[in-house]
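Following: one structure in structure tokens, then a few remarks.
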Amino acid sequence: MEERYSPSAIEAKWQKVWEEKKTFQVSEDPGKEKYYLLEMFPYPSGRIHMGHVRNYAIGDVVARFKGMQGYNVLHPMGWDAFGMPAENAAIQHGVHPAKWTWENIDSMRKQLKKIGLSYDWDREFATCSPDYYRWEQLVFLRMLEKGLAYKKSSAVNWCDDCFTVLANEQVEDGCCWRCGREVVQKELEQWFFKTTAYADELLDDMDQLGGWPEQVLTMQRNWIGKSHGCEIDFAVDGNDETVRVFTTRPDTLFGATFMSLAAEHPLAEQLITDAQRAEAEAFIEKVKKQDTTERSTETMEKEGIFTGSYCINPLNGRKMPVFLANFVLMGYGTGAVMAVPAHDQRDFEFAKKYDLPIEVVIQPEGEALNGATLEEAWTGPGLLVNSGDFDGQPNEDAKQAIAEYLDGKGEGKATINFRLRDWGVSRQRYWGTPIPVIYCDSCGVVPVPEKDLPVVLPEDVVLSAEGGSPLARHEAFLKVDCPICGATARRETDTFDTFVESSWYFARYACPDYDQDVLDKKAADYWLPVDQYIGGIEHAVMHLLYARFWTKILRDLGLLSVDEPFTNLLTQGMVCMETQSCPEHGWLYPEEVENGRCTKCGKPVIGGRTEKMSKSKKNVVDPDALIRLFGADTARLFALFAAPPEKDLEWNEQGVEGCSRFLNRVWRLVYDNLDLISQVPVATAAEGSAKALRRQVHETIQKVTSDIDGRFHFNTAIAAVMELLNAVNGFKQNSEHPAVIREAVEAIVRLLSPFVPHMAEELWELLGHEGGVIAAGWPEVDPAALVKDEQMIVVQVMGKVRAKITVAADASEEQVKEVALADTNVARFIEGKTVRKMIYVPGRLLNIVAN
RNA sequence: GCCCGGAUGGCGGAACUGGCAGACGCAAGGGACUUAAAAUCCCUCGGCCUUAUGGCUGUGCGGGUUCGAUUCCCGCUCCGGGCACCA
């Protein structure tokens with residue numbers, strides 16, 4: 001037995017014990033309460049970084065804590081293994097995406113295992129394995145049957161030189177990242193999931209998500225964007241067509257002075273008059289080049305072009321010129337907007353630019369707005385004016401009144417609109433799940449029969465910088481007999497968005513090897529929902545919304561019984577570090593800087609900003625090096641102690657040394673007291689000078705428990721244990737109270753075990769226990785130990801602290817006031833004044849108001 | 001631009017429901033031990049004033065509510081995350 005704390009030896013020892021005993025392997029046990037803890041699984045990028053260490057350390061604390069409390073804890077790990085980086089590696093380094101991915105998984109698994117995380121590794125899977133994605137393909141087929149998956153034409157970013165689709169992140173200043181050619185918008189037939197069919201449920205079921213951070217719920221609510229409004233038909237002047245608009249402000253209809261259409265609007269072509277044709281078509285071309293995220297931003301210059309046609313305002317018969325405008329999107333509402341410049345800022349700017357009439361129809365109380373002098377749109381409430389029979393109505397009432405009036409005339413109706421769009425899942429990429437459909441010239445779109453699943457992604461492909469999917473060049477994959485008529489047909493060569501795999505992996509962990517169906521319902525019903533989900537805030541909307549959507553799909557297919565996948569959610573901040581650069585050598589690693597100078601040339605470095613760790617900026621810390629130097633327990637402890645989980649964590653090497661010092665102190669505490677306490681039982685009561693120490697032991701148990709459970713304030717939990725350690729070290733009558741010392745030492749070891757499991761196991765064994773610290777369970781508070789004889793009351797005069805008094809724990813309000821007024825410093829401040837009132841917060845504070 | 005957050009000593013952070021601002025840790029300074037170093041231990045540590053008891057001031061900025069505001073409200077500044085083909 002080593003007397004010095006030697007992390008590498010004890011960490012290897014206990015990792016082996018856990019692996020051999022399968023300590024964290026679980027199965028369905030109806031007799032035990034389950035707890036499913038999940039951290040967002042990683043993309044196998046190659047190396048574990050500090051963000052992973054932090055995420056998984058946080059999860060591991062909760063998993064081990066719940067395990068010690070007696071829950072049947074499911075804590076799995078796997079790999080989100082499809083995605084673009086693998087393809088980029090293939091193009092740049094000639095490695096096959098599959099080889100690249102599987103090798104990354106192997107090295108990252110090794111790294112994770114060194115951290116001592118309590119995973120049930122038997123449940124591990126990677127989403128790029130056909131055993132996983134075949135079930136995804138099956139769900140797709142069932143969605144197809146139910147009309148929840150469908151095909152439609154949609155715009156993508158396209159590069160004509162590379163002949164390929166570009167992701168938004170591959171578009172730099174409107175040009176292709178690889179060749180620099182201007183990116184154009186191209187219409188392609190793509191597969192969509194009907195997320196909009198679940199829009200209402202996705203919104204309503206948020207009531208069940210009380211365990212989610214409010215900010216995430218707000219973001220999702222805004223993303224779904226339910227708005228009540230009205231669809232209104234506007235007749236086109238001089239022909240039989242009508243233009244339908246959606247508006248949330250039917251109350252402003254009398255103020256609509258023109259009309260704006262999306263450039264892609266199906267009626268646009270027809271409405272453009274010959275006189276306007278040349279200009280309008282040039283405008284459409286220009287708009288099509290702007291990518292859609294750019295078009296919806298408000299910084300963009302609002303531009304438009306007159307079509308030459310007019311619409312008729314159904315309420316007042318006004319002739320409204322019809323424009324095409326770059327800020328109107330075909331994807332939202334009807335792709336046509338009635339423009340009310342007096343009451344909508346975008347319309348206002350547009351009207352000013354093109355000199356269109358501005359007419360006020362909502363008059364705020366106590367003001368007299370005038371369209372001619374208005375400086376910005378009035379979007380607040382008010383009474384209707386210039387609105388015929390509706391004059392004088394509050395605008396909120398008028399929304400319904402006007403909608404009903406139009407409904408009666410058959411020219412409009414109240415509707416609900418969502419900002420949420422259907423989820424486009426087609427990707428023109430190789431490294432993803434093949435979409436299981438076949439195109440036959442005579443039978444059309446034919447789903448792959450279930451018996452032919454999985455459609456396996458072929459590995460014998462050549463990836464090149466040419467672009468385009470290699471699947472489209474793979475004859476054996478492409479050519480297939482039509483399942484209906486037997487004629488030669490071709491396969492779909494698009495693959496799924498990788499968000500599809502991560503939308504249901506949490507359910508598959510319940511039964512990773514089940515080979516009869518998507519899920520083994522019995523196992524899924526036992527384990528789901530996930531009780532605690534942990535991951536980065538950057539996933540607040542998309543991943544979490546898609547996972548909620550898939551849960552509802554799986555439920556409606558009879559595969560799951562739950563409505564929502566994640567009962568509680570913890571969103572963790574990023575790991576950041578200061579960047580440093582040399583004027584000559586660019587970004588520098590921390591070891592390349594000495595005394596503020598570049599070690600290569602001696603020039604002073606430019607201290608950068610604190611930013612998210614990234615390889616390109618060289619502000620990374622390799623967890624492996626950290627573990628070699630200090631041990632996994634220290635790395636874990638630091639990641640948890642430096643900041644609460646939701647906050648960004650700023651890396652600071654010195655902080656690590658502090659954590660290492662603390663663990664050495666814990667180690668010595670056990671060693672230094674071993675002779676004293678090894679032969680005594682744990683105290684159940686304390687006398688005299690040991691009473692305060694024992695009270696602190698139990699106060700610490702109470703604090704650590706509540707800090708971990710639900711609050712996730714690991715930093716303060718650790719701080720409380722540090723304080724207890726300091727108290728034990730400062731307690732000089734050790735030899736008189738060996739049982740209390742033993743109780744304190746054992747409490748420290750058990751309370752620390754979720755944070756630094758290897759050391760805790762080692763010390764627990766050293767203290768003479770068999771069976772491990774996990775089986776020992778979580779320590780319990782002895783209420784008798786918490787009882788106090790005295791209490792400290794803060795005394796304020798006019799809100800400023802003037803004294804701190806100590807009174808009996810059961811002192812009455814009157815007694816507290818008496819002692820407070822007798823205090824000399826208090827007396828000094830109320831001298832010559834009249835005490836007006838005294839505010840007493842029992843057990844805490846007394847504020848004397850005197851003047 | 002839109003949506004969502006954040007800002008507290010030299011630094012990371014604490015203060016859970018409106019009630020002692022700065023717990024715990026780092027860094028720094030001083031001391032003990034040591035031939036010396038490392039390790040360890042002890043003391044000081046927001047600013048200003050004071051011999052001291054103590055006082056004034058202070059939680060990004062400007063207002064407000066309250067006996068009392070880091071916490072609640074209004075108006076700003078700066079920083080971060082997301083924005084639908086990065087995962």
Side-chain angles (χ1 to χ4, degrees), chain A residues 40 42-43 45 80 82-85 88 156-157 165-171 190 195 213-223 225 292-294 296-300 331 420-429 497-499 502 536-543 545-546 571 573-574 576 609-612 638 641-644 646-659 661-662 664-665 668 703 706-707 711 713 715-716 718-723 726 729 792-802 804 824-825 828 836-839 841 844-850:
Chain A
M40 291 178 186
Y43 177 78
S45 55
D80 188 14
F82 275 137
M84 231 162 43
N88 291 343
V156 292
N157 300 313
V165 175
L166 298 173
N168 278 348
E169 74 154 18
Q170 295 173 323
V171 180
Q190 310 216 60
T195 39
E214 197 50 49
Q215 59 158 314
V216 175
L217 294 177
T218 307
M219 279 195 257
Q220 292 219 348
R221 210 171 276 124
N222 291 338
W223 189 265
T292 47
T293 36
E294 193 188 329
S296 53
T297 65
E298 293 210 2
T299 40
M300 185 194 59
L420 182 74
R421 311 205 290 262
D422 280 342
W423 175 13
V425 292
S426 295
R427 297 292 180 269
Q428 294 69 40
R429 304 197 183 281
D497 177 3
T498 57
F499 270 116
S502 57
I537 182 70
E538 66 272 22
H539 296 291
V541 177
M542 295 172 56
H543 162 60
L545 193 69
Y546 295 149
T571 49
M574 299 176 310
C576 306
R609 295 221 309 261
T610 302
E611 290 181 84
K612 184 174 176 168
F638 176 69
F641 179 62
E646 330 74 75
K647 288 197 73 162
D648 289 350
L649 184 154
E650 203 180 315
W651 195 258
N652 171 331
E653 201 73 24
Q654 280 112 17
V656 183
E657 280 166 28
C659 287
R661 263 204 288 272
F662 167 66
N664 273 293
R665 275 151 61 83
R668 283 203 308 275
K703 175 161 177 63
S706 69
D707 275 356
R711 243 165 70 90
H713 281 206
N715 54 334
T716 52
I718 294 164
V721 179
M722 286 174 170
E723 283 181 80
N726 292 343
N729 281 338
M792 198 267 290
I793 305 285
V794 171
V795 183
Q796 299 182 332
V797 178
M798 298 299 287
K800 286 182 192 281
V801 179
R802 298 302 178 190
K804 292 170 188 180
T824 51
N825 204 43
R828 207 153 67 84
R836 301 287 170 194
K837 62 177 168 177
M838 290 194 261
I839 291 140
V841 184
R844 281 194 147 160
L845 172 138
L846 179 73
N847 188 12
I848 301 165
V849 184

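Predicted model, so just to flag it, every value in this text is computed and none were measured. The basis for the numbers below is simple: all heavy atoms, side chains too, and nothing from hydrogens, waters or symmetry mates. Per chain, numbering begins at 1; letters A, B, ... match sequence-line order.
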On the 0 to 90° scale, with breaks at 30° and 60°, tag the A/H543-A/F499 ring pair as parallel, tilted or perpendicular.
parallel
Can you tell me, in whole Å, how much space there is between the C1' of B/rG13 and that of B/rA84? 36 Å
CD of A/Q220 to CE of A/M542, rounded to nearest 0.5 Å, is 11.5 Å
Scan A/A540 against the nucleic acid and name what it touches under 4.0 Å (heavy atoms): base, sugar-phosphate only, or nothing.
-> nothing
Respond yes when some side-chain nitrogen or oxygen of A/R802 is under 4.0 Å from OP1 or OP2 of B/rG55, and no when none is.
yes
Closest to the 5' end of RNA chain B, once A/W223 and A/K647 are matched to their nearest nucleotides, is A/K647
Q) With sugar-phosphate meaning primed atoms plus P, OP1 and OP2, does A/R429 contact a base, only sugar-phosphate, or nothing at under 4.0 Å between heavy atoms? A) base
The answer to which of A/N715 and A/K837 contacts RNA chain B further toward the 5' end, by nearest nucleotide, is A/N715
What does A/M838 touch in the nucleic acid at a heavy-atom separation under 4.0 angstrom: a base, only the sugar-phosphate, or nothing?
nothing
Between the CZ atom in A/R221 and the CD atom in A/E214, the distance rounded to the nearest 0.5 Å is 6.0 Å
Check: At under 4.0 Å between heavy atoms, what does A/W423 touch on the DNA or RNA strands: base, sugar-phosphate, or nothing?
Finding: nothing
Next item on the list: Return no unless some side-chain N or O of A/N825 is found under 4.0 Å from OP1 or OP2 of B/rG55.
Entry: yes
Which part of the nucleic acid, if any, lies within contact of A/R828, taking any heavy atom under 4.0 Å across all strands shown: a base, the sugar-phosphate backbone alone, or nothing? sugar-phosphate
Practice task
Determine the interatomic distance between P on B/rA37 and the same-named atom on B/rG47; round to the nearest Å.
Solution key: 29 Å
State whether A/N222 places a side-chain N or O below 4.0 Å from either non-bridging phosphate oxygen (OP1 or OP2) of B/rC83. no
Base-paired stretches in RNA chain B with three or more consecutive Watson-Crick or G-U pairs, both distances under 3.5 Å, amount to B:1-7 with B:77-83, B:10-12 with B:24-26, B:28-32 with B:40-44, B:46-49 with B:54-57, B:60-64 with B:72-76
_Sugar-phosphate, base or nothing in reach of A/V541, heavy atoms under 4.0 Å_ = nothing
Distance check, C1' atoms only: B/rG58 and B/rA21, in whole angstrom units. 9 Å
Worksheet item: Does some side-chain heavy atom of A/I718 sit less than 4.5 Å from a side-chain heavy atom of A/D707?
Response: no
Below the 4.0 Å mark, does B/rA84 have OP1 or OP2 next to a side-chain nitrogen or oxygen of A/R421?
no
Glycosidic torsion of B/rG9 (syn if within 90° of 0, anti otherwise) classifies it as syn
